[in-house]
Amino acid sequence: MRINIIQSVIFFLLGFIVLALGLMQIIHGEYYHLQSMNNRIRVVPIDGARGRILDRNGVVLADDRGSFNVGVVPQDVEDREALFTYLGGVLDKDPVYLEKLFERKRITPFAPVILAEDVPRETAVKIEEENFIYPGLIVQEGFERYYPFKENGAHLLGYVGKIDEDEIEESGAYGYTPLSLVGKTGVEKRYEAWLKGVPGGRQIEVDSRGTQVRLLGLKDPQAGHDVVLTIDQRIQNAAQELLSGLRGSIVVMDVNSGDILSMVSSPSYDPNAFSDKSKSDKLASYFNDPMTPLFNRPVSGQYPPGSVFKIPVALAAIQLHKITPETTFECPGYMMVGKRKFGCSHVHGVQDLRQALAHSCNVYFFHVGLLVTPPVISAFAKAFGLTRPTGIDLPFEARGKMITKASGDRGWYTGDVLNLSIGQGYTLVTPLQLTVMMGAVANDGVITRPRVVKDAGGNEIHPLDFSKRPLIRLRPDTWSDVQRGLKGVVDDPEGTGHDLKAIAGLDIYGKTGTAQSVRGKPNHAWFVGYTKTSKAKIAFCVFLEYGGSSENSVRIARDLLLKLQTLEII
């Protein structure tokens, strides 16, 4: 009886096993076959080089240079102690530290663990010559991003760094490895999809312990696409030199195409420090520097425009017939509002519109602002795009700021209106926005979107057709009346930009601005303008953060335009 019970149990168990085998091999066989294949085959990715960034004349601004990385393949190591002792001596590092780093970074037995990046060629050759003594030790060729002009144009180009978790999630991790370099700012970030290389890899077969059995295939990586900028590096060099030791920015734009010929932010930084390990000590100094060298002033900086803002105020007043070009107001050097005095730079006496723009008379524009009213002034400023990004193909562009409604139920105080009329108070703009505004004035209201890339991967990017661009529709005489005033800024012997008159052969239109900054700091200094020749029509902006008098910006603008003449740009 007992034997029968045991036999029944055995037959039951054997039947269960047969049934399970049938389910696994017949019904679910294909599924488990695929699972075993996936567990048997591994892919070790190899990153491709990034594409180059070039200026409009083919000058290389960013490229990849070859580098040597030292790594260890875990499955091939035979004598760990000997290997890390040798490696510590060659790399001048603590062997214990290297072994701990190895343990922390290892993922699979066959995937190399990189312990040192961008080692000198001599070190790499020495390791290559002796690595047969230490199985598992390898030297891999890699790439390091290199910027030959260093600080010059760094904010525009941007820099690269190792991909982080947020970027992996954002990109879906397609085409990236945990060691991949991605653009963090500037053109490197905005055109990441074009610049990044196409990864290759090794397909290997592993056993149940994850040890490599054989190489199944090899796919070579491909370099990313080149990107050609609108920038002229010759102008970049000149602009960077003009701002040496100063805080501020210079922007030069072709008014017809929107091509940014130069965009410089000062002080700058060396983007090589983010990829070259020998310069990594610079990073801490950049982040802790009170001059904020990493901040992109022309695109992300927001500042009060000062008297430059008188341009949209004047256009509004003429267009709405609040004044004529011949309307005059007397400037005694100030305007009293109650017991508060709102000052002007000089006692200008009787001024008409042209004189008021040329001499930058605050009192004249106090009167005009009260006639036009804040809502109208705000509407004209918004028409120029001073409260929204310009749409340039760069990341992290600021919007600008303007109070368009009075606070609460109190309405607009007279003092608020006076400050608004001369670009003070709560109004903030970027240097790029003012450059675009001057381009629109030069084009009688046609607004051109700025751009920094003209070709990506061999695909030319054409600017928007002129007839399809946004247009500020004002009477022709409105534009010409204000343009005459901007010409007077330079041509009038007492014009605030008269230093520019010394440049022969150029008709220059512009406006100075001296804007109050935070208490205890010097004023900001502006000069914005445009010039038209048979060669080109360009708009430009020179901004000096805490630069004092606008005369300082005028002098830099003069030297900038002289350089453009020398280069035969204008």
Side-chain angles (χ1 to χ4, degrees), residues 253 255 305-329 331 348 350-374 376-386 420-423 427 429 433-448 470-492 494-498 500-501 506-513 526-532 537-541 550 554 557:
M253 183 183 78
V255 169
S307 292
V308 175
F309 195 71
K310 292 171 182 175
I311 295 173
V313 175
L315 289 167
I318 292 291
Q319 178 68 18
L320 299 177
H321 302 290
K322 298 296 182 179
I323 61 171
T324 68
E326 292 75 31
T327 300
T328 60
F329 296 102
C331 171
H348 291 112
V350 177
Q351 300 278 286
D352 61 19
L353 177 63
R354 182 182 180 281
Q355 292 169 322
L357 284 169
H359 305 151
S360 200
C361 177
N362 285 350
V363 172
Y364 185 95
F365 281 92
F366 290 156
H367 287 288
V368 172
L370 291 170
L371 292 172
V372 175
T373 73
V376 175
I377 294 173
S378 299
F380 271 71
K382 289 176 68 176
F384 278 106
L386 299 185
L420 177 64
S421 302
I422 60 170
T427 303
V429 297
Q433 285 176 321
L434 289 187
T435 307
V436 172
M437 182 187 78
M438 293 309 293
V441 174
N443 276 339
D444 292 349
V446 178
I447 298 178
T448 301
L471 174 64
I472 303 174
R473 298 184 181 277
L474 304 180
R475 296 189 311 276
D477 63 285
T478 299
W479 293 111
S480 60
D481 287 341
V482 173
Q483 288 163 353
R484 277 192 292 271
L486 300 179
K487 189 76 162 56
V489 170
V490 175
D491 291 353
D492 190 315
E494 296 181 357
T496 54
H498 188 63
L500 293 166
K501 186 64 176 174
L506 283 186
D507 286 329
I508 303 169
Y509 303 72
K511 186 70 192 77
T512 56
W526 295 92
F527 186 78
V528 298
Y530 64 91
T531 184
K532 300 180 287 187
K537 183 191 294 186
I538 67 160
F540 57 90
C541 173
S550 60
V554 171

Can you find a heavy atom in the side chain of [X] that is under 4.5 Å from one in the side chain of [Y]?
X	Y	answer
Ser421	Val368	no
Leu486	Met438	yes
Arg354	Pro325	no
Ile323	Tyr364	yes
Ile472	Ile447	yes
Val490	Lys501	yes

| Who pairs with Lys532 by side chain to side chain donor-acceptor pair (under 3.5 Å), at least two apart in sequence or on another chain? | none
Compare every heavy atom of [Y] with every heavy atom of [X], then report the nearest pair and how far apart it is.
X	Y	value
Val528	Cys541	CG1-SG, 3.7 Å
Gly513	Ser550	O-CB, 3.5 Å
Leu500	Ala557	CD2-C, 3.9 Å
Ile508	Lys487	O-CD, 3.6 Å
Phe527	Gly497	CE1-CA, 4.4 Å
Phe540	Tyr530	CE2-N, 3.6 Å

When you measure from the side chain of [X] to the backbone of [Y], do you find a donor-acceptor pair of N or O atoms at a distance under 3.5 Å?
X	Y	answer
Thr448	Val255	yes
Ser378	Pro374	yes
His359	Gly495	no
Arg475	Ile318	yes
Thr531	Asp507	yes

| said: Run the side-chain contact (heavy atoms from CB on, under 4.5 Å) test on Met437 and Val429 for me, step by step, so that the C-alpha distance in whole Å, both residues' side-chain angles and the decisive distance to 0.1 Å come before the verdict. | reply: CA-CA 11 Å; Met437 182 187 78; Val429 297; over 6 Å; no
Let me confirm one number: the [atom1]-[atom2] distance from [X] to [Y], rounded to the nearest 0.5 Å.
X	Y	atom1	atom2	answer
Gln483	Thr478	CD	OG1	10.5 Å
Asp481	Asp352	CG	CG	10.5 Å
Leu386	Phe380	CG	CZ	12.5 Å
Phe365	Cys331	CZ	SG	12.0 Å
Gln351	Leu357	CD	CG	10.0 Å

| message | With side-chain contact (heavy atoms from CB on, under 4.5 Å) as the criterion, how do Lys310 and Ile422 come out once you've worked through the C-alpha distance, each side chain's angles and the decisive distance to 0.1 Å? | response | CA-CA 6 Å; Lys310 292 171 182 175; Ile422 60 170; 3.7 Å; yes
| Between Val363 and Phe329, is a side-chain contact (heavy atoms from CB on, under 4.5 Å) present by the stated rule, with each step listed? | CA-CA 8 Å; Val363 172; Phe329 296 102; 5.7 Å; no
| field | Check: Thr496/Ser360 side-chain N/O donor and acceptor closer than 3.5 Å | value | no
| Do you see a donor-acceptor pair shorter than 3.5 Å between the side chains of Gln355 and His348? | no
| remark: From the list Leu434, Val441, Val436, side-chain contact (heavy atoms from CB on, under 4.5 Å) with Phe384 holds only for Val441
| field | Evaluation steps, side-chain contact (heavy atoms from CB on, under 4.5 Å), between Ser307 and Asn362 | value | CA-CA 8 Å; Ser307 292; Asn362 285 350; 3.8 Å; yes
| query | Crowded around Lys322 NZ? As in, over 12 foreign heavy atoms under 6.0 Å? | reply | no
